[in-house]
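See structure below.
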Amino acid sequence: MQFEVFSLLPEAFTSYIEASILKRAQERGLIKINIHNIRDYTYDKHHVTDDTPYGGGGGMVMKPEPVFEAIEKVLGFKHQVEVNDEAISHPTKPTVDSSIPIILLTPQGRVFNQSIAKELSQHPRLALICGRYEGIDERIRQHLVTDEISIGDYVLTGGEIPALVLIDAISRLLPNVLGDPTGAEDDSHAMGLLEYPHYTRPPEFRGSKVPDVLLSGDHAKIDKWRHEQALERTFRKRPDMLETANLSAEDKKFLEKLKEKNNS
Ligand code: ADE
């Protein structure tokens, strides 16, 4: 998987990538994260990337030219040759390889979740545009971007942290990125349920004991206990998830009993 990240704050990415599992994933050739500074695609003396909004109002708006230029240079003018020069002068025609998702990180996008992470992990290459300032020129959204993603209903100062969130969530789903080959399978959200509780040594800590079943060595019993814990946690913390989870008849019975217990 190759990530092409477009940002006005490229230094925001280095420390997290260097400190995390993403570094090893890059060294092992499992992912490649290319950070492109949008400012490098300006040609005026002061390398201006923003301007005041038409119609007035506060704040600055990201200019379209450097963002188009950066994306087109990095992703390639695939259709320029095929469609002819119109592709460059007429921005409604795709000017880049349209098979690569070009994702704008914005609070206006679809809200990111595990299933979107899985969907995006199927692509060999993704372009991520990080917005800054108060907004971006609408023509970037209209004529360049193919998808808009938000990481939640709150507003950050830019798309850099959201881009890192996507890169992290997607990368750990790719083969061999996690040390444990089953690492991502039991995750919270992976099966539509929250994850069961984990324990490690010591067996008793400040009077609090590890549940006996986990020390029993009976793996069928342990699996059943973990699954029921996942169901119960989801029921208590995120009941909304149960509406879309893939539940067996036995799961439904277990949840009915929990509901009865809860109401009595
Ligand atoms: N940029 C600013 N806030 C954001 C959010 N919540 N998600 C994605 N990009 C953003």
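Counting convention: from 1, in listed order, for ligands and their atoms alike.
- Within ligand 1, the atoms closer than 4.0 Å to a non-hydrogen atom of Gly152 are 6 (N), numbered from 1 in the order shown.
- Looking from atom 7 (N) of ligand 1 to the surrounding protein, the closest heavy atom is Ile151 N, 3.0 Å.
- Atom CD of Glu119 sits in a crowded spot, with more than 12 heavy atoms from other residues, nucleotides or ligands closer than 6.0 Å.
- Close N/O approach between Leu156 and ligand 1 is found [any backbone or side-chain N/O within under 3.5 Å].
- Within the 4.0 Å heavy-atom shell around ligand 1 one does not find Cys130.
- Between Arg141 and Glu138, at least one side-chain N (NZ, or NE/NH1/NH2) sits under 4.0 Å from a carboxylate O, which counts as a salt bridge.
- In the displayed structure, Arg24 atom CZ is contacted under 6.0 Å by at most 12 heavy atoms of other residues, nucleotides or ligands.
- Only the backbone of Thr106 comes within 4.0 Å of ligand 1, counting heavy atoms alone; no side-chain atom from C-beta on gets that close.
- In this structure, Glu195 does not pair ionically with Arg233, as no charged nitrogen and carboxylate oxygen lie closer than 4.0 Å.
- A salt bridge links Lys224 to Glu228: at least one charged side-chain nitrogen sits closer than 4.0 Å to a carboxylate oxygen.
- Looking at atom 4 (C) of ligand 1, its nearest protein heavy atom turns out to be Pro107 CD, 3.6 Å.
- Looking at Ser150 against ligand 1, both its backbone and its side chain come within 4.0 Å, counting heavy atoms.
- At the shortest separation from atom 6 (N) of ligand 1 among protein heavy atoms lies Tyr154 O, 2.8 Å.
- Not one N or O of Pro162 is nearer than 3.5 Å to an N or O of ligand 1, by distance alone.
- Here Ile149 has backbone heavy atoms under 4.0 Å from ligand 1, and that is the only part of it that gets that close.
- The existence of a salt bridge linking Glu148 and Arg110 is excluded, since no basic side-chain nitrogen approaches an acidic carboxylate oxygen closer than 4.0 Å.
- With a 4.5 Å cut-off on side-chain heavy atoms, Phe3 and Ile170 count as touching.
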